[in-house]
Amino acid sequence: MQSKTILAALVVLSVFSVLIAGCLSSEKMQEKAGTDTIESGEIGTNIETPDIVTPDINESEGDFPLPF
Amino acid sequence: MFGDIMKMNVLFSLFVCFLLAGFVVAQGANETLNVSENGNGDANNSKALNSAVIEARYENVEYGYEKTLTAMDAVINYFSNSNKTNISTSLLVELRETFSSLFVGLQQYVNASDPSGFGKQVAEMHKTAAQFKSESAKIAAPGEMGDLRKLIQNRTDEKENETEMQEIKERIKEFKAKTYKIACELNLARIKKFNEKIEAQNISSEELKNVSARIQEKCANITQIKNESQLNMKIQSIKELFTMGKLKVIAHAKIANEKAMEKANDIVNALENKGYNVSAVRESLDEMQTIRNEVGQACINATNEECVSKINELRNRTNDLSSDIKVIVRENIKNIKGNVSGR
């Protein structure tokens, strides 16, 4: 009786996990499909131009005028 | 039987709890990673870069300050010890004190990482040193000029050989290397993030990856270089790579944004073919075409900054258009539903 119960529990758990996984993946698929459709209006433009910086160390800043 | 059902319930509840906990932990970890990699990482590196630049500038100024102060002291001593009674060195002493206190005040701008305040204070120091130079020239007799020049040369040469000055020189090297190391990390991270975005739009990032690899190679072990001329050569080549990276980033951003605009055009056409009313966005598309032409012109004839500013303008307009398209789609769907239910 005990082993049958555990077996039944495992079967139920498996079914639930498959259902949950299915729900999650179908939601993601729908989301993906949605973004691919023209109706989503997604153009994918959010590309900012990064600022490539060059440090500005002016080495002559410390060259003070000496007397004479 | 009731006990078995209870056991099953407990097992199921545990399973759901684990599933939820796993989901929450995974989401949390993902967010933390994104923030540290993209947002905070960049902000922290930018902050560290600003502070390293100002520290390097401070050491440069300190070196020049010590040398100039030595020259000022030599001049004041020369006139004070001269036998001429008609000479007053009080103005020179006052200018020396002003120069000295301006240098002391410089530290507050280092602590606050304020490059603008720092620059203004150094400009004041330059003004004061120039005034000292002109005032001391007024006092000196024409025949004394040569002796004074020689005296200053000897004193400043002696000063430069002092351990204190050698230590400042070491610190200048250290801060310069540190500054470029941080700049390398910052730029590499920015290029990497940018590459990921353009790759998602099927734009090749190979050229940028090559520049990144070269930056990475040049920047490796930069803080371990002891020889000053070697360090300067390395810095020069890194600077050239940064410029190359900047130009390539701009060129790729231009392509990505133009491609997005073309996509916007295709979407609007497709919606129109499906019977949607797109008149509201047609005008925007025409205006964007004008901006696109301006981007082309600015990136050929104007500065990099103006080119980037035009690219960003196009990007913002495309983003606005994307929102407008969503509104059009929503409105049209509503109308279609209304028509269907009204039948």
Side-chain angles (χ1 to χ4, degrees), chain A, chain B residues 4 7-8 11-12 15 19 49 53 56-57 60-61 63-65 68 71-72 75 122 125-126 129-130 132-133 136-137 145 148-149 152 176 179-180 183 186-187 190-191 194 197-198 201 239 242 245-246 249-250 253 256-257 260 263-264 267 270-271 308 311-312 315 318-319 322 325-326 329:
Chain A
M1 182 61 195
Q2 188 114 15
S3 61
K4 271 185 185 171
T5 312
I6 291 168
L7 194 69
L10 282 172
V11 169
V12 170
L13 282 180
S14 310
V15 168
F16 269 108
S17 57
V18 168
L19 278 174
I20 290 167
C23 283
L24 286 174
S25 66
S26 84
E27 214 173 71
K28 280 202 167 173
M29 288 292 282
Q30 271 175 4
E31 214 176 80
K32 194 177 180 315
T35 53
D36 286 344
T37 56
I38 291 161
E39 278 84 353
S40 73
E42 288 299 340
I43 299 167
T45 52
N46 215 4
I47 295 185
E48 275 182 54
T49 317
D51 188 16
I52 304 302
V53 288
T54 301
D56 183 20
I57 307 170
N58 177 9
E59 290 188 42
S60 59
E61 199 172 24
D63 293 343
F64 298 105
L66 292 176
F68 304 100
Chain B
D4 292 336
K7 272 180 196 168
M8 251 167 65
L11 273 171
F12 177 66
F15 170 73
L19 199 75
L49 181 65
V53 166
R57 285 174 71 187
N60 267 317
V61 172
Y63 192 85
Y65 163 77
T68 310
M72 285 177 170
V75 172
V122 174
M125 288 176 76
H126 274 268
F132 187 98
K133 184 178 176 164
S136 49
M145 298 281 197
L148 275 160
R149 242 177 248 131
I152 290 167
K176 244 162 57 173
T179 302
Y180 274 86
L186 182 68
N187 287 334
R190 285 180 177 176
I191 295 174
F194 179 72
K197 287 200 167 183
I198 61 168
Q201 275 206 38
K239 272 185 180 175
F242 283 170
K246 189 180 185 129
V249 159
I250 293 172
N257 281 284
K263 192 176 170 189
I267 288 177
L271 288 174
V308 170
I311 292 172
N312 288 342
R315 173 181 150 254
T318 319
N319 280 340
S322 180
I325 290 172
K326 283 175 195 167
V329 171

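These numbers were taken from a predicted model, which means no experiment stands behind them. Throughout, a chain's letter reflects where its sequence line sits, starting with A, and its residues are numbered from 1. Both backbone and side-chain heavy atoms feed into the values below; hydrogens, waters and symmetry mates do not.
- Looking at B:R190, its side chain does come within 3.5 Å of a backbone N or O of A:D51 through a donor-acceptor pair.
- For a residue to count as touching a neighbouring chain, one of its non-hydrogen atoms must lie under 4.5 Å from one of that chain's; by this rule B:Y63 does not touch chain A.
- Nearest heavy atom pair, residue A:P67 against residue B:I152, reads O-CD1, 3.1 Å.
- Only the side chain of B:L49 comes within contact range of chain A, with at least one heavy atom under 4.5 Å from a heavy atom of that chain.
- Summarising the geometry of A:D63 relative to B:H126, their closest heavy-atom pair is O-CE1, 3.3 Å, with the distance given to 0.1 Å.
- When all heavy atoms of B:K133 and A:F68 are compared, the pair lying nearest together is CG-N, 4.0 Å.
- Of the atoms belonging to A:D56, it is backbone heavy atoms, and not side-chain ones, that fall under 4.5 Å from chain B.
- The backbone N or O of A:V53 lies less than 3.5 Å from a partner atom in the side chain of B:N187, making a donor-acceptor pair.
- Rounded to the nearest 0.5 angstrom, B:N312 CG and A:T49 OG1 are separated by 4.5 Å.
- When all heavy atoms of A:P65 and B:T68 are compared, the closest pair comes out as O-CG2, 4.2 Å.
- The line from CD1 of A:I57 to CG of B:N60 is 7.5 Å long, rounded to the nearest 0.5 Å.
- Contact between A:I47 and B:N257 at its shortest, heavy atoms only, is O-ND2, 3.8 Å.
- Of the listed residues (B:F132, B:Y65, B:Y180), the greatest number of heavy-atom pairs within a distance under 4.5 Å of chain A belongs to B:Y180.
- A 4.5 Å side-chain heavy-atom check between B:V61 and A:F64 finds at least one atom pair inside the cut-off.
- For B:V122, the parts sitting under 4.5 Å from any heavy atom of chain A are the backbone and the side chain alike.
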